[in-house]
Each structure stands twice: as C-alpha cells, then as structure tokens.
Amino acid sequence: MPELPDVEGFRRVLAKAGGHRVDRVDVLDAGAIRGTSADTLRDAVHGHAFGTARRHGKWLICPIHVPGRKHRKADPSVIFHFGMTGELTWSQHDDGERHQHDRVAFVTGSGELRYRDMRKLHGIRLASDDHEVEVLLAGLGPDAADASRDQLRERAGSGQRRIKSALMDQATIAGLGNLLVDEILWRVHLHPSTLTRDLSDRDWRTLHRTMHATLRKAMSAGRVPDHSSWLTGHRDDRDGACPRCGNVLRHTRVGGRNTAWCPSCQPPGDHD
DNA sequence: CGGCCTGTTCCGAT
DNA sequence: GATCGGAACAGGCC
C-alpha cells in the first residue's frame with residue numbers, strides 16, 4: 001500500500017497522537033523494530049510525547065520530547081517505514097480492537113497509535129538525535145513532492161537508464177512507488193522503458209508538472225486513488241482498458257516490477 | 001505446492 | 001562505472 005501519498009496520510013494520523021504523553025509502549029512483535037531493541041525504544045518513548053512529524057519520501061520521522069517542552073536536537077526521533085503492507089492507525093477509547101498485525105502500540109491517555117504491518121519488510125527505527133536522523137536518510141534524493149524540474153532531470157540522469165527505474169530509485173527522488181510511477185508515465189504518454197537520454201526538454205517539463213499534479217491529488221486522498229479515470233483503477237482488472245483510449249492495457253515487467261501501460265498511448269520505442 | 005504482491009537492500013552478471 | 005536481474009526479507013492470497 002504505502003507510497004508517498006499513503007505515508008502523507010499516516011503523517012496526518014500521527015498528528016492526532018501529537019502532544020499526548022505516552023504512558024505505555026506495547027511491543028506486540030519485536031520483529032517490527034529495526035536497528036534497536038524493544039527495551040531501548042520503550043525507554044526512549046515512555047513518558048515522552050510525539051512532536052510534529054515530517055515525511056521524506058516514504059519515511060515518516062517523528063521527533064519526541066518531554067511533554068511541555070520543545071523538541072531539541074539532542075532528543076530522539078521515532079522513524080517509521082511501512083514497507084509494502086504497513087499502516088498507522090489512531091484509536092480512541094475502546095473503538096476498534098487491536099488487529100492481528102498490529103506490531104507496536106503507543107498508548108496515551110486519549111488514545112493509542114498503532115503500527116500495523118503484515119509482512120514486516122521494514123519497521124520502526126529509533127534515532128538518538130537529529131544528526132542520526134540525517135545519517136539514516138542520507139541516501140535519499142529530494143522528496144518527490146518538493147523536487148524541482150532541474151533536480152529531477154539532473155538526478156535521473158541522461159544515460160541508458162529506463163525512466164521507470166530512475167523514478168522508482170529513492171536515491172533519485174524519494175517517494176514514488178510502482179503504482180505512482182506507472183500512473184505518471186501513462187499520463188505523460190511515455191513508455192516505462194524509455195531511456196532517460198531519449199527524453200526531450202518538453203518531456204522533462206511535462207513529466208515534472210504531471211508528477212506534481214498527480215502527487216497533489218493523491219496526497220489529498222491519502223492514497224493513490226483507484227478512481228476510474230486513473231490508470232491505477234484498471235491495472236488489476238483482467239483485460240483492463242485504458243481510461244483514455246479504451247485499448248486493453250498491457251502488463252510487462254520493467255525494473256523487476258509488474259508494469260501496466262497502454263500500447264496505444266505509450267508506444268514502445270526501440271528500447272527493450 | 002507455486003506464484004504473486006503498492007518496498008528496499010545486497011550481490012553478481014553484463 | 002553504470003545498469004540490470006535475482007534473491008532475500010515475510011506473510012497472506014489465489
């Protein structure tokens with residue numbers, strides 16, 4: 001599930017827990033904690049409060065602090081990554097029992113924040129201070145929702161790389177996943193295997209503009225919409241049709257990932 | 001049982 | 001060096 005827009009939705013969920021003192025950290029499955037121990041995470045968060053979380057690509061970073069005091073650079077942060085199946089929920093009072101795949105619950109007086117993840121491909125990390133946060137995220141490119149056109153073009157490069165692989169690479173720009181990349185490339189009429197060196201100035205301009213427009217809509221929904229006017233709304237149908245021209249969508253493998261595209265709107269070139 | 005999956009990392013082959 | 005494909009991680013579904 002989680003790509004940039006989903007994580008943006010989780011950021012809004014986390015905001016509901018903000019400011020409340022965490023009375024208890026229930027580690028239901030320590031396998032969801034990465035790079036530190038359950039005890040260390042508990043000790044760092046217990047008695048503290050979540051501050052204002054920020055998102056970078058698919059990562060969610062939440063500074064914690066002593067209630068009533070601002071976060072300081074030497075304070076730790078809790079860092080969430082949701083892999084393919086993770087999510088964050090906020091439950092107040094008794095509404096909603098815990099789910100089988102809830103791995104960690106942060107319990108406050110007014111509700112509890114639950115990290116749920118079926119597959120546990122990633123998990124929750126703890127950075128002991130702001131510098132450690134920077135080190136952890138150092139390999140990521142600029143957030144896709146903020147990246148300028150020049151950043152996009154320069155970081156994606158102009159070599160023999162396929163545009164889908166470049167956009168999926170979190171070191172190029174951070175936040176796009178398999179569904180979003182297919183959606184964006186479909187909107188700009190580019191075949192996913194197009195080599196970056198074959199993109200024109202105009203291609204880069206429309207790619208950048210469309211990336212932002214697509215992200216903006218998806219972020220407000222807190223997910224990649226499966227609306228019928230989106231490619232994403234048809235990619236899982238058998239014989240799914242292109243919402244623009246009606247041709248039957250094709251599914252191939254690009255960059256090791258299932259890739260949906262329209263043979264009429266996105267004709268393959270002499271690549272692949 | 002085999003294969004597939006909205007993510008990332010690592011390793012080896014070109 | 002650049003780029004790619006496959007495997008691994010883990011668990012549920014078809």
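Naming: A, B, ... by sequence-line order, numbering from 1 per chain.
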Verify the distance criterion only: is there a donor paired with an acceptor across the side chains of [X] and [Y] at less than 3.5 Å?
X: A:D226; Y: A:T232; value: no
X: A:D203; Y: A:S200; value: yes
X: A:H71; Y: A:D130; value: yes
X: A:R114; Y: A:S91; value: yes

| field | Residues touching DNA chain C, which here means a heavy atom under 4.0 Å, drawn from residues 125-141 of chain A | value | none
Protein-nucleotide distance ([X], atom [atom1]; [N], atom [atom2]), rounded to Å:
X: A:D117; N: C:dG12; atom1: CG; atom2: P; value: 11 Å
X: A:D6; N: B:dG7; atom1: CG; atom2: C1'; value: 12 Å
X: A:L60; N: B:dG7; atom1: CG; atom2: C1'; value: 16 Å
X: A:H251; N: B:dC5; atom1: NE2; atom2: C1'; value: 14 Å

| Residue pair A:L185 / A:P192: nearest heavy atoms and the distance that separates them | CD1-CA, 3.7 Å
| request: Kindly work out whether a path of hydrophobic side-chain contacts (I/L/V/M/F/W/Y, heavy atoms less than 4.5 Å apart) joins A:W186 to A:L176. | output: no
| What residue pairs, at least two apart or across chains, pass ring pair (Phe, Tyr, Trp, His ring centres under 6.0 Å) with a residue in residues 102-134 of chain A? | A:F50-A:F106, A:H81-A:H122, A:F82-A:Y115
| How far does the P atom of B:dG3 sit from the matching atom of C:dG6, given to the nearest Å? | 13 Å
| said: Please report the distance separating the P of B:dT8 from the corresponding atom of C:dG1, rounded so that it comes out in whole Å. | reply: 25 Å
| So what does A:Q100 hit on the nucleic acid, given a heavy-atom distance under 4.0 Å: a base, only sugar-phosphate, or nothing? | sugar-phosphate
| field | Protein proximity profile, nucleotides 3-9 of chain C - base contact B, sugar-phosphate-only contact S, no contact -, cut-off 4.0 Å on heavy atoms | value | SSS---B
| remark: Applying the Watson-Crick and G-U criteria (both distances under 3.5 angstrom) with [ ] for crossing and | for other-strand pairs, one obtains for DNA chain B .||||.||||||||
Taking 4.0 angstrom as the limit, do [X] and [Y] come out as a salt bridge?
X: A:D23; Y: A:R21; answer: yes
X: A:R153; Y: A:D201; answer: yes
X: A:D6; Y: A:K58; answer: no

| field | Stacked cation flag A:R125 on A:W59, 6.0 angstrom / 45 deg | value | no
| query | Within a radius of less than 6.0 Å around CZ of A:R12, do more than 12 heavy atoms belonging to other residues, nucleotides or ligands occur? | reply | yes
Is there any protein nitrogen or oxygen under 3.5 Å from a nitrogen or oxygen in nucleotides 8-13 of chain B, and what are the pairs?
{"residue": "B:dT8", "atom": "OP1", "partner": "A:H81", "partner atom": "NE2", "Å": "3.2"}
{"residue": "B:dT8", "atom": "OP2", "partner": "A:K58", "partner atom": "NZ", "Å": "2.8"}
{"residue": "B:dT8", "atom": "O4'", "partner": "A:H122", "partner atom": "NE2", "Å": "3.1"}

| Any side-chain N or O of A:N258 under 4.0 Å from OP1/OP2 of B:dC5? | yes
| Residues two or more places apart in sequence or in another chain: which of them pass salt bridge (charged side-chain N to carboxylate O under 4.0 Å, His left out) with A:D182? | A:K164, A:R235
